[in-house]
Trainee: 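My structure is below; once you've seen it, I'll send some questions.
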Protein chains: 2
Amino acid sequence: MASKDRILRLKEETRCNILDASLKIVKEGGWDALSMRKIADEIEYTAPIIYEYYASKDAILMELTRKGFLLLAKQLEEARDRHRLPEKQLQAMWSAYWDFAFAERELYQVMYGVRVSCCEMAKIMPESEMPMDLIWDVIVELMLPHVGTEEEVCIKYYTFWSVIHGLISINMVNRGNTDETNQEVLKTAITGIIRSIKG
Amino acid sequence: MASKDRILRLKEETRCNILDASLKIVKEGGWDALSMRKIADEIEYTAPIIYEYYASKDAILMELTRKGFLLLAKQLEEARDRHRLPEKQLQAMWSAYWDFAFAERELYQVMYGVRVSCCEMAKIMPESEMPMDLIWDVIVELMLPHVGTEEEVCIKYYTFWSVIHGLISINMVNRGNTDETNQEVLKTAITGIIRSIKG
DNA sequence: TGTACTGTTTAACAGTGTTAAATAAATTTA
DNA sequence: TAAATTTATTTAACACTGTTAAACAGTACA
């Protein structure tokens, strides 16, 4: 009867190995490199065996996503418990959130649907800078008569873009908020930043 | 010799048809549904013909990305030209940016690497709400003694999250900013929002 | 008319997720 | 212990993916 336990333990271990192997492959070659056969190679089995443990590739991604959220929650709690005042807590928590995103970059990607540049050279594409340039100019004008340094304008620009792009991403990937909430968030953020630019 | 022109015109048209067909397929079934054979079906050719016009599938995505940036830039310009004051211009431009993202949702996705929930049920996963709950609570506490409504807290939360998630996405998908710039943007935004919460 | 060239398709390769059938190993039963 | 049954694992296959090479058709030119 103890052998039943041992077998169950072994099964649980393989289940875990599959996740570990997946993450390893992704860390080495990105999410596109992840395939059932490569996972099988890594755990020294053949592909169909994986289906004894997970119903599909999606189920594996799902489990990794779940683990990601759990880990993030844990780190947020730890950050919170390092402080007493709510404002300090919030600051520490968002800082922990930021650190998590880059320490566990692959998990964050699958958790929030951030795809790393589908066509690699999108960054070398001059057209991709046109929207930025247009808005950049208006920010510069808004700061007049003070002539902002490149760094200053850059910070303003990215603050704007982050709010908008973040809100858009969240609405696209997850269920969306109500339209009113979105507009409220946008209005609050944008007018806030504009005020901060004008001093 | 005019026939040469006609043939060139036809080629240009097919080049364009390929893009149109691609976008149509994506709008109907999402980016995963896009395949060379389906594009070929749509333009009533066989798959290898596409390689006479685009070097690879990636090249097609790239061209769509380019068109996206051009369209976005155009709409930003139009928004700007509807106003005179820089602050009004900025507001209109970001509003146009927002509208573009959802009017041309597929283009926005390929432009900025926003993948729509890889494993569809991530939203039904209770763990995915743990990080939000943790931060939610601290925001509520920060607002004390005023007891915020659900809507109020929600707006604060999403304002925070948008800034952070937006900045993270941008850094992951494109080339990153310098660390100092990131930290500056983060600090500015977070302290700003915290201040606005405390009134 | 025959030759070169261009447009287009068929066939194939290597890869993907996934499933069904075949086989090997272990366990239970007689 | 030997046979029967169950479990673990693999091989083979299907339908799909992007991509390429070879075959075929059609047009233009000599």
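Computed from a prediction, not measured in an experiment: that's the story for all the values here.
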Trainee: Hey, is the side chain of A/Thr46 poking within less than 4.0 Å of OP1 or OP2 on D/dT9, counting only N and O atoms?
Mentor: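 So the side-chain polar atoms of A/Thr46 never come under 4.0 Å of the phosphate oxygens OP1 or OP2 of D/dT9.
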
Trainee: Can you name the nearest heavy-atom pair linking B/Leu34 to B/Lys57, along with the distance?
Mentor: O-NZ, 2.8 Å

Trainee: What about B/Phe100 and B/Phe69, are their ring centers closer than 6.0 Å?
Mentor: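 No: the rings miss the under 6.0 Å criterion.
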
Trainee: Here's a test of your reading of the structure: between B/Ala47 and B/Lys11, which maps to the more 5' nucleotide of DNA chain C?
Mentor: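 Per heavy-atom nearest nucleotide, the more 5' residue is B/Lys11.
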
Trainee: Starting at atom CD1 of B/Ile25, determine the distance to atom P of D/dT17, rounded to an integer number of angstrom.
Mentor: 10 Å

Trainee: Please tell me which of the listed nucleotides, C/dT16, C/dA20, D/dT20, lies nearest to the side chain of A/Lys38?
Mentor: C/dT16

Trainee: If you check every side-chain atom of B/Ser56, which of D/dT10, C/dT9, D/dT19 has the closest atom?
Mentor: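 Out of D/dT10, C/dT9, D/dT19, the nucleotide with an atom closest to B/Ser56's side chain is D/dT19.
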
Trainee: Considering all heavy atoms of both residues, which atom of B/Gly68 and which atom of B/Leu107 are nearest to each other, and what is their separation?
Mentor: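 Residues B/Gly68 and B/Leu107, closest heavy atoms: CA-CD1, 4.0 Å.
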
Trainee: Without decimals, in angstroms, what is the distance between A/Ile43 CD1 and D/dA8 P?
Mentor: 14 Å

Trainee: Salt-bridged, A/Lys187 to A/Glu184, with N to O below 4.0 Å?
Mentor: no

Trainee: When we call it a touch if two heavy atoms are under 4.0 Å apart, what does A/Leu34 touch: a base, just sugar-phosphate, or nothing?
Mentor: sugar-phosphate

Trainee: Nearest of D/dT10, C/dT8, D/dG18 to any side-chain atom of A/Pro48?
Mentor: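 Looking only at heavy atoms from C-beta outward on A/Pro48, the closest nucleotide is D/dT10.
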
Trainee: Looking at every strand, decide which applies to A/Ile50 at a 4.0 Å heavy-atom threshold: base, sugar-phosphate, or nothing.
Mentor: nothing

Trainee: Between B/Tyr51 (OH) and C/dT6 (P), how many Å, whole number?
Mentor: 22 Å

Trainee: Between atom OH in A/Tyr53 and atom P in D/dA8, what is the gap in whole Å?
Mentor: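 So the two atoms are 8 Å apart, to the nearest Å.
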
Trainee: Just compare D/dT11, D/dG18, C/dT16 and give me whichever is closest to any side-chain atom of A/Ser35.
Mentor: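 For the A/Ser35 side chain, the nearest candidate turns out to be C/dT16.
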
Trainee: Using only heavy-atom distances, determine whether the side chains of B/His165 and B/Tyr158 contain a donor-acceptor pair under 3.5 Å.
Mentor: no

Trainee: What integer distance in Å separates B/Leu61:CG from D/dG18:P?
Mentor: 10 Å

Trainee: When you get a sec, tell me which of C/dT9, D/dT10, C/dG17 is the closest nucleotide to the side chain of B/Ile49?
Mentor: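 Between C/dT9, D/dT10, C/dG17, the one nearest the side chain of B/Ile49 would be C/dT9.
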
Trainee: Quiz question: going by heavy-atom distance under 3.5 Å, is there a donor-acceptor pair between the base of D/dG18 and the side chain of B/Arg37?
Mentor: yes

Trainee: Can you tell me how far C1' of C/dT16 sits from CD1 of A/Ile39, to the nearest Å?
Mentor: 12 Å

Trainee: What integer distance in Å separates B/Asp58:CG from D/dG18:P?
Mentor: 11 Å

Trainee: In whole angstrom, give the distance that lies between atom CE of A/Met36 and atom C1' of C/dT19.
Mentor: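 Going from A/Met36 (CE) to C/dT19 (C1'), I get 12 Å.
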
